[in-house]
S.K.: 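Structure provided below as structure tokens; questions to follow.
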Amino acid sequence: MKIPRTEQETIVIYDVEVGKWHIDTTYPPHIRKYTPAMGEIEEKTQDRLAGLISDEFSGSFMTRKRKILTDEQRQKVREQLRKGQEQ
């Protein structure tokens, strides 16, 4: 059964206790991309992949660090936001 495009999704969660990423995806390109990286597979079908990513994985999903701004940069951003609100 093919999953409709509007219902395809990828959920990536980092489990702190286990220290590994858990991935659950129904998006075909991600199924193909992450299958070789799976350490423990909970479910793998043509339409779904779920499990823990192995420790050796160095993939393209990541979280961004919060950008630290100086006082001058903050002031500049405030001015830009004010100008945008006035328009």
S.K.: Using the side chain to side chain contact (heavy atoms under 4.5 Å, CB included) criterion, which residues pair with D71? Sequence neighbours excluded.
M.R.: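 Partners of D71 under the side chain to side chain contact (heavy atoms under 4.5 Å, CB included) test: R74.
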
S.K.: Taking side chain to side chain contact (heavy atoms under 4.5 Å, CB included) as the test, write out the residues that go with E7, two or more places apart.
M.R.: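 Partners of E7 by the side chain to side chain contact (heavy atoms under 4.5 Å, CB included) criterion, ordered by chain and then number, come out as I3, P4.
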
S.K.: Checking side-chain contact (heavy atoms from CB on, under 4.5 Å) for the pair E42/D24: CA distance, chi angles, key distance, verdict?
M.R.: CA-CA 9 Å; E42 295 169 12; D24 189 343; over 6 Å; no

S.K.: Would H22 and L52 satisfy side-chain contact (heavy atoms from CB on, under 4.5 Å), going step by step from the backbone distance to the final call?
M.R.: CA-CA 4 Å; H22 181 272; L52 294 174; 3.9 Å; yes

S.K.: Please check this pair: side chain of Q73 against backbone of T70, looking for a donor-acceptor N/O pair closer than 3.5 Å.
M.R.: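 Yes, Q73 side chain to T70 backbone: donor-acceptor pair under 3.5 Å.
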
S.K.: Taking the side chain as C-beta and beyond, is there a heavy-atom pair between V12 and W21 under 4.5 Å?
M.R.: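 Yes. Closest side-chain heavy atoms under 4.5 Å.
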
S.K.: Under 4.5 Å between side-chain heavy atoms, hopping through other hydrophobics if needed: is there a path connecting Y27 to M38?
M.R.: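 The answer is no; the residues belong to distinct hydrophobic clusters.
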
S.K.: Working to the nearest 0.5 angstrom, can you tell me the gap between I11 CD1 and I13 CD1?
M.R.: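 Here the rounded value is 6.5 Å.
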
S.K.: Which pair of non-hydrogen atoms, one from Y14 and one from K20, has the smallest distance, and what is that distance?
M.R.: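 Closest approach of Y14 to K20: CD1-O, 3.6 Å.
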
S.K.: Would you say E72 has more than 12 foreign heavy atoms packed within less than 6.0 Å of its CD?
M.R.: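 No, the 6.0 Å shell around CD holds no more than 12 heavy atoms from other groups.
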
S.K.: Examine the side chains of Q8 and H30 and answer whether a donor and an acceptor come within less than 3.5 Å of each other.
M.R.: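 H30 and Q8 do not have a side-chain donor-acceptor pair below 3.5 Å.
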
S.K.: Do I23 and V16 belong to the same hydrophobic cluster, where Ile, Leu, Val, Met, Phe, Trp and Tyr are linked whenever their side-chain heavy atoms lie under 4.5 Å apart, directly or via other members?
M.R.: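 Hydrophobic grouping puts I23 with V16.
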
S.K.: Answer yes or no: are there more than 12 heavy-atom neighbours, outside E43 itself, under 6.0 Å from its atom CD?
M.R.: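 Enclosed.
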
S.K.: With sequence neighbours left out, what residues match T35 under side chain to side chain contact (heavy atoms under 4.5 Å, CB included)?
M.R.: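 If we apply the side chain to side chain contact (heavy atoms under 4.5 Å, CB included) test to T35, skipping adjacent residues, the hits are I31, K44, L49.
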
S.K.: Going by heavy atoms in the side chains, are E9 and T26 under 4.5 Å from each other?
M.R.: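 Of all side-chain heavy-atom pairs linking T26 with E9, at least one is under 4.5 Å.
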
S.K.: Is K76 close to L69 at the side-chain level, that is, under 4.5 Å between some pair of heavy atoms?
M.R.: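 Side chain of L69 against side chain of K76, heavy atoms only: no contact under 4.5 Å found.
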
